[in-house]
Participant: 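The structure is given below, and queries will be raised subsequently.
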Amino acid sequence: MFKQLRNKFLFLNLIIISVMMLIAFTAIYLITYNNVYRETERELHRLSEINRREEENPKQSPPFRDNGGGPPNRSLSFSLLINREHRLLAVSSIFNMENEFYEEAKEAVLSQTNMMGTLKLDGIHWAFMVKPHFDGYRIFFLDVSNQRSFLTNLIYTFLLVALIMLIFIFFISRFFANRSIQPIQEAFDKQKQFIADASHELKTPLAVIHTNVDVLLSNRHESIESQSKWLYYIKSETERMSKLTQDLLYLAQVDYSDDKMIFTSFDFSEIVENVILTMEAFIFENDISLDYDIAPHIFITGNKEQIQQVVMILLDNALKYTKNKGTVNISLKRQHPILLSVTNTGEGIPESDLDKIFDRFYRIDKSRTRKEGGYGLGLAIAKVIIQQHGGKIFAKSSLNESTTFFVELPFKNTV
């Protein structure tokens with residue numbers, strides 16, 4: 001599908017460029033042709049004027065003679081004088097040609113209806129002009145072989161240049177077509193993977209609910225109290241599905257909504273401290289050591305609820321992956337940009353997975369994450385929120401030692 005899309009884009013691009021080159025080259029050729037034609041017409045008129053002056057003053061040099069310093073008028077030109085009956089009366093020429101040549105030139109001109117035009121004699125292209133002369137006509141001829149050769153070579157040059165340009169443009173267009181299609185293909189692949197992962201995650205709680213409902217139906221005469229265990233499993237899986245659908249809805253809204261969030265100035269330090277307070281019970285129950293260094297009164301501009309959600313995601317993620325008697329460290333520093341870091345001891349994250357942990361549904365240890373109740377959407381949500389605030393989130397880790405998540409936010413204001 002994407003290959004066909006690329007080929008269509010490439011084909012359309014080549015057609016558009018070919019049409020533009022054809023128009024440009026045609027315009028250049030027509031302008032050049034008109035200039036050559038006008039120059040030839042001026043030269044024929046000049047020869048006619050010189051001939052007229054010669055006839056008025058016979059003492060002047062013949063218009064078509066070489067005076068030793070090069071042709072004064074135009075080389076390779078001649079004129080014929082004919083009467084009304086089309087009989088050749090006189091020839092004025094620098095050539096020593098047979099009379100048959102001049103007769104052939106006369107007949108070629110008389111066979112045409114135009115008073116000015118071009119013809120070909122003995123492989124040479126001539127431009128001619130017919131002028132009335134007393135009781136006859138004088139026909140002026142000018143060799144335009146060089147001009148015709150120039151125009152022909154111009155066409156060949158255009159064709160060669162067009163061919164080279166099209167080959168060059170083909171490879172350039174294919175390169176940019178591949179670059180243009182790549183983000184679309186990546187987005188499509190991610191969407192397919194997203195749908196597949198979401199379907200997979202929904203299958204498990206639905207299977208659990210279905211199984212527990214079957215158990216309840218098979219014991220329909222039992223009391224609710226005696227069947228509370230199955231009801232608790234159903235409730236638990238329902239809550240998990242509700243959390244999953246909420247996260248999916250949030251990510252979908254972020255991806256396709258053009259609505260801008262309402263930003264206000266708030267105390268980032270206070271937000272971090274409040275999140276720590278909400279996690280104290282969990283920290284105490286799991287015998288985890290918590291160290292924190294929070295710079296006071298760091299004010300930022302953003303969405304308070306979303307930034308609080310990011311801090312909760314990072315701290316919750318750190319606590320889940322910290323073993324008993326482990327350590328979690330939180331630091332908030334006043335600098336440019338503002339830096340929040342959350343570090344936890346534990347197994348760490350392989351180097352190859354550090355760039356993938358912010359992808360949706362990506363989990364290093366799926367069995368453990370399932371046990372902890374996660375779907376692999378928390379870090380993806382955190383990344384989207386931070387990007388909306390013009391910040392950056394990334395992670396560093398040492399295997400079997402520790403993992404640190406960093407959040408950089410633009411420095412707006414402090415009090």
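Residue numbers run from 1 in the order of the sequence given. This one's a predicted model, so the numbers in the text were calculated from it and none came from an experiment.
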Participant: Are Tyr33 and Leu154 close enough that some pair of their side-chain heavy atoms sits under 4.5 Å apart?
Facilitator: no

Participant: Does Glu98 CD have over 12 foreign heavy atoms under 6.0 Å away?
Facilitator: no

Participant: Compare all side-chain heavy atoms of Val109 with those of Leu80 and state whether any distance is below 4.5 angstrom.
Facilitator: no

Participant: Should we say atom CZ of Phe170 is surrounded by more than 12 heavy atoms from elsewhere, each under 6.0 Å from it?
Facilitator: yes

Participant: Tell me the closest heavy-atom pair linking Leu10 and Ser173, and the distance in Å.
Facilitator: CD1-CB, 3.2 Å

Participant: Quick one: do Thr278 and Asn274 satisfy side-chain contact (heavy atoms from CB on, under 4.5 Å)? Show the steps, please.
Facilitator: CA-CA 6 Å; Thr278 61; Asn274 290 338; 5.7 Å; no

Participant: Drop me the distance from Met312's CE to Gln309's CD, to the nearest 0.5 angstrom.
Facilitator: 8.5 Å

Participant: Keeping Thr26 on the side-chain end and Ile23 on the backbone end, is there a donor-acceptor pair under 3.5 Å?
Facilitator: no

Participant: For residues Leu379 and Leu314, determine if any side-chain heavy atom of one lies less than 4.5 Å from a side-chain heavy atom of the other.
Facilitator: yes

Participant: If you count the non-hydrogen atoms of other residues, nucleotides and ligands that lie under 6.0 Å from CD in Glu49, is the total more than 12?
Facilitator: yes

Participant: When the aromatic ring centroids of His45 and Phe140 are compared, is their separation below 6.0 Å?
Facilitator: no

Participant: Please list, chain by chain and in numerical order, all residues satisfying salt bridge (charged side-chain N to carboxylate O under 4.0 Å, His left out) with Lys120, sequence neighbours excluded.
Facilitator: none

Participant: A side-chain contact here means heavy atoms from C-beta on lying under 4.5 Å apart; do Ile307 and Phe266 qualify?
Facilitator: yes

Participant: Set out, in order, the CA-CA distance, both residues' side-chain angles and the distance that settles salt bridge (charged side-chain N to carboxylate O under 4.0 Å, His left out) for Glu41 and Arg38, then state yes or no.
Facilitator: CA-CA 5 Å; Glu41 186 178 6; Arg38 285 195 296 267; over 6 Å; no

Participant: Just do the side-chain contact (heavy atoms from CB on, under 4.5 Å) check on Val272 and Tyr292 with the steps written out, would you?
Facilitator: CA-CA 10 Å; Val272 178; Tyr292 56 89; over 6 Å; no

Participant: Between atom CE of Met21 and atom CD1 of Ile28, what is the distance when rounded to the nearest 0.5 Å?
Facilitator: 11.5 Å

Participant: Which atoms form the tightest heavy-atom contact between His389 and Asn303, and what is the distance?
Facilitator: NE2-N, 2.9 Å

Participant: Assign the ring pair Tyr233 / Trp230 to parallel, tilted or perpendicular, where the plane angle (0 to 90°) is split at 30° and 60°.
Facilitator: perpendicular

Participant: With sequence neighbours excluded, what pairs up with Lys106 under the salt bridge (charged side-chain N to carboxylate O under 4.0 Å, His left out) test?
Facilitator: Glu103

Participant: Can you tell if the side chain of Thr118 reaches within under 4.5 Å of the side chain of His125, non-hydrogen atoms only?
Facilitator: no

Participant: Mind listing the closest non-hydrogen atom pair of Thr322 and Thr327 along with its distance?
Facilitator: CG2-N, 3.7 Å

Participant: Take the angle between the ring planes of Phe78 and Phe141 and call it parallel below 30°, perpendicular above 60°, tilted in between.
Facilitator: parallel

Participant: Measure up the Phe405 and Phe358 rings against each other and bin them: parallel (under 30°), tilted (30 to 60°), perpendicular (over 60°).
Facilitator: perpendicular

Participant: Which atom names give the shortest non-hydrogen contact between Thr403 and Ser397, and what distance separates them?
Facilitator: OG1-OG, 3.0 Å

Participant: Determine, stepwise, if the pair Phe9 / Phe176 fulfils side-chain contact (heavy atoms from CB on, under 4.5 Å).
Facilitator: CA-CA 10 Å; Phe9 175 81; Phe176 284 106; 5.5 Å; no

Participant: State whether the side chain of Thr211 and the backbone N or O of Ala207 hold a donor-acceptor pair below 3.5 Å, judged by distance alone.
Facilitator: yes

Participant: Are more than 12 heavy atoms, taken from residues, nucleotides or ligands other than Tyr29, located less than 6.0 Å from that residue's OH atom?
Facilitator: yes

Participant: Between CD1 of Ile209 and CG of Asp214, what distance do you get to the nearest 0.5 Å?
Facilitator: 12.0 Å

Participant: Are Trp126 and Asp143 side-chain neighbours, meaning at least one heavy-atom pair lies under 4.5 Å?
Facilitator: yes

Participant: Listed by chain and number, what are the salt bridge (charged side-chain N to carboxylate O under 4.0 Å, His left out) partners of Arg179, not counting sequence neighbours?
Facilitator: none

Participant: Flag the pair Ser77 / Leu47 as yes when at least one side-chain heavy-atom distance between them is below 4.5 Å, and no otherwise.
Facilitator: yes

Participant: Return yes if a side-chain donor-acceptor contact under 3.5 Å exists between Tyr102 and Ser93, otherwise no.
Facilitator: yes

Participant: Nearest heavy-atom pair of Ile288 and Lys323: which atoms, and what distance?
Facilitator: CG1-O, 4.1 Å

Participant: Any side-chain to backbone donor/acceptor pair from Ser341 onto Val407? Under 3.5 Å, distance only.
Facilitator: no

Participant: How many angstroms lie between atom NE2 of His133 and atom CD1 of Ile82, to the nearest 0.5 angstrom?
Facilitator: 11.5 Å

Participant: Return the CD to CD distance between Glu107 and Glu100, rounded to the nearest 0.5 Å.
Facilitator: 12.5 Å

Participant: Okay, side chain of Asn286, backbone of Phe282: is any donor-acceptor separation there less than 3.5 Å?
Facilitator: yes

Participant: Which value, rounded to the nearest 0.5 Å, describes the distance between Ile294 atom CD1 and Ser331 atom OG?
Facilitator: 6.5 Å

Participant: With a 3.5 Å distance limit and no angle check, can you tell me whether Arg148 reaches the backbone of Ile124 through a side-chain donor-acceptor pair?
Facilitator: no

Participant: Considering all heavy atoms of both residues, which atom of Ser92 and which atom of Arg138 are nearest to each other, and what is their separation?
Facilitator: CB-NH1, 4.5 Å

Participant: Do Leu340 and Val310 have side chains that approach each other closer than 4.5 Å (heavy atoms only, starting at C-beta)?
Facilitator: no

Participant: Please test Ile313 against Ile385 for side-chain contact (heavy atoms from CB on, under 4.5 Å), starting from the C-alpha separation and ending with a verdict.
Facilitator: CA-CA 11 Å; Ile313 289 172; Ile385 293 174; 5.5 Å; no

Participant: Are the side chain of Ser149 and the backbone of Ser145 linked by a donor-acceptor contact shorter than 3.5 Å?
Facilitator: no

